[in-house]
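Take a look at the structure set out below.
Remember, it's 1-based here, ligands and their atoms both numbered in the order they're listed.
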Amino acid sequence: MVREIIAKTLLSSVKQPEPWFGLKYNMNLYRGCVHGCIYCDTRSECYGIDDLSDVAVKANALDLLQDELRRKRVKGTIGFGSMNDCYQPLEATVQMTRRALEIIARFGFPVHILTKSDLVLRDLDLLQRINQVYAAVSFTLTTVDDALAQKVEPGAPLPSRRLAAMAQFAAAGIRSGAMMMPVLPFIEDTVENVRAIVQQTAAAGGSYIVAGLGMTLRDRQREYYYTQLDRLFPGLREKYQERCGERYYCPASGTQELEAAFNEACTQYGIATRMPVYAPQAARQPRLL
Ligand code: SF4
């Protein structure tokens with residue numbers, strides 16, 4: 001049985017300017033996420049989620065969305081999936097994301113989807129409709145090595161599937177690209193990995209990569225991550241402790257060299273290092289499609 005919770009509000013305003021995806025609003029239709037990435041920041045205490053895998057649906061989310069969109073005076077990009085993946089497996093049956101997209105399409109707002117799942121392909125028709133205003137679909141790629149991804153993102157579809165989905169979006173004329181974030185220190189912070197992500201994104205027809213060379217580490221997130229390091233990568237906890245201590249941000253090794261390799265590869269393969277965001281000044285007013 002699907003666990004349900006009631007939300008007070010749905011859309012949160014994002015502090016401007018939002019540097020990554022040009023978001024104006026953000027929303028979470030679920031609470032929790034079964035993709036189980038070992039580095040997930042949603043485990044941090046400030047979010048109050050004791051068990052990330054115990055997923056709940058915000059039962060009144062679609063009513064709230066309709067009501068809140070009706071009252072919005074400023075049109076801006078709505079982001080899905082900051083605290084969970086809006087295409088995690090439960091979405092296949094409850095279709096909260098699909099139904100939210102239907103509402104957004106009617107109100108004519110732009111959308112950015114960030115996901116690790118090729119289930120997003122199911123909603124290609126709706127995203128094409130929304131793309132009359134603006135739609136972008138970004139896939140998180142921290143590695144393109146399926147075997148490594150299975151360790152660090154154990155419940156998520158493999159990167160090869162994400163890239164195949166990216167290719168279909170690109171072929172359908174929808175902006176698509178990658179979010180290369182986090183880049184896990186001592187695990188994914190190699191020039192080879194960074195270059196492979198750029199090369200495979202380009203091969204899939206992706207047009208941009210938004211990158212962050214390192215990871216966050218905070219209270220319960222750090223505790224969980226270190227426990228998983230002990231299990232999967234024995235000996236790495238000590239290296240992290242030495243480099244990061246109690247700090248919130250833990251940088252990748254050789255950040256400058258990695259950044260140079262990333263920029264060089266993006267130039268070589270024609271990949272933008274910033275995503276093409278929705279530009280309100282060039283846009284029409286919100287309208288019903
Ligand atoms: S997909 Fe995102 S929200 Fe879900 S576990 Fe992974 S990092 Fe966390």
Side-chain angles (χ1 to χ4, degrees), residues 2-3 5 7 12 14 20-21 23 26-58 61 79-92 94 96-97 100 112-123 137-146 148-163 165-166 177-185 187-188 197 209-229 231-232 248-250 252:
V2 180
R3 193 163 74 83
I5 53 173
S12 56
V14 178
W20 305 105
F21 308 111
L23 302 185
N26 211 344
M27 66 177 183
N28 288 288
L29 301 165
Y30 297 96
R31 193 169 192 270
C33 183
V34 296
H35 282 172
C37 308
I38 65 170
Y39 51 75
C40 183
D41 167 69
T42 305
R43 294 190 183 88
S44 301
E45 266 164 35
C46 56
Y47 301 124
I49 297 176
D50 293 333
D51 179 359
L52 185 62
S53 64
D54 182 18
V55 178
V57 173
K58 294 184 181 174
F80 283 64
S82 59
M83 304 252 313
N84 55 71
D85 195 314
C86 61
Y87 285 99
Q88 59 178 307
L90 189 56
E91 170 61 21
V94 299
M96 291 296 285
T97 300
H112 174 255
I113 301 276
L114 174 63
T115 184
K116 290 188 173 95
S117 176
D118 54 351
L119 178 58
V120 61
L121 277 172
R122 180 199 63 190
D123 296 338
V137 180
S138 303
F139 292 89
T140 308
L141 292 173
T142 73
T143 174
V144 286
D145 177 342
D146 282 351
L148 177 58
Q150 235 162 0
K151 285 185 172 180
V152 299
E153 299 157 352
L158 296 172
S160 51
R161 282 175 56 182
R162 297 173 216 169
L163 285 157
M166 187 188 294
M179 181 178 87
M180 190 179 75
M181 202 178 345
V183 172
L184 303 177
I187 299 171
E188 298 174 333
I197 289 173
I209 299 179
V210 176
L213 300 175
M215 70 181 299
T216 61
L217 277 176
R218 171 163 65 179
D219 48 67
R220 283 201 306 215
Q221 174 200 14
R222 183 193 293 117
E223 274 169 40
Y224 184 87
Y225 184 64
Y226 282 2
T227 306
Q228 299 308 310
L229 285 185
R231 185 172 68 81
L232 298 164
Y248 172 60
Y249 194 73
C250 190

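- For a distance bound of 2.8 Å, the N, O or S atoms of C33 include none lying that close to atom 8 (Fe) of ligand 1.
- The protein heavy atom nearest to atom 6 (Fe) of ligand 1 is C37 SG, 2.3 Å.
- Considering CG of L114 and CG of L23, their distance stands at 9.0 Å, rounded to 0.5 Å.
- Between R161 and D146, none of the side-chain N atoms (NZ, or NE/NH1/NH2) sits under 4.0 Å from a carboxylate O, so this pair counts as no salt bridge.
- Those atoms of ligand 1 that come under 4.0 Å of a heavy atom in C40, given as number and element, are 3 (S), 5 (S), 7 (S), 8 (Fe).
- Per-residue contacts place G36 under 4.0 angstrom from the following atoms of ligand 1 (heavy atoms of the residue considered): 5 (S).
- Residue contact check: N84 has heavy atoms under 4.0 Å from atoms 3 (S) of ligand 1.
- Side chain of K58 to backbone of N28: a donor-acceptor contact under 3.5 angstrom is found.
- For the atom pair Y248 OH and L217 CG, the distance stands at 9.5 Å (nearest 0.5 Å).
- Between H35, Q88, K116, Q221, it is K116 that holds the heavy atom closest to atom 7 (S) of ligand 1.
- Q88 places a side-chain N or O within donor-acceptor distance of the main-chain N or O of G32, the cut-off being under 3.5 Å.
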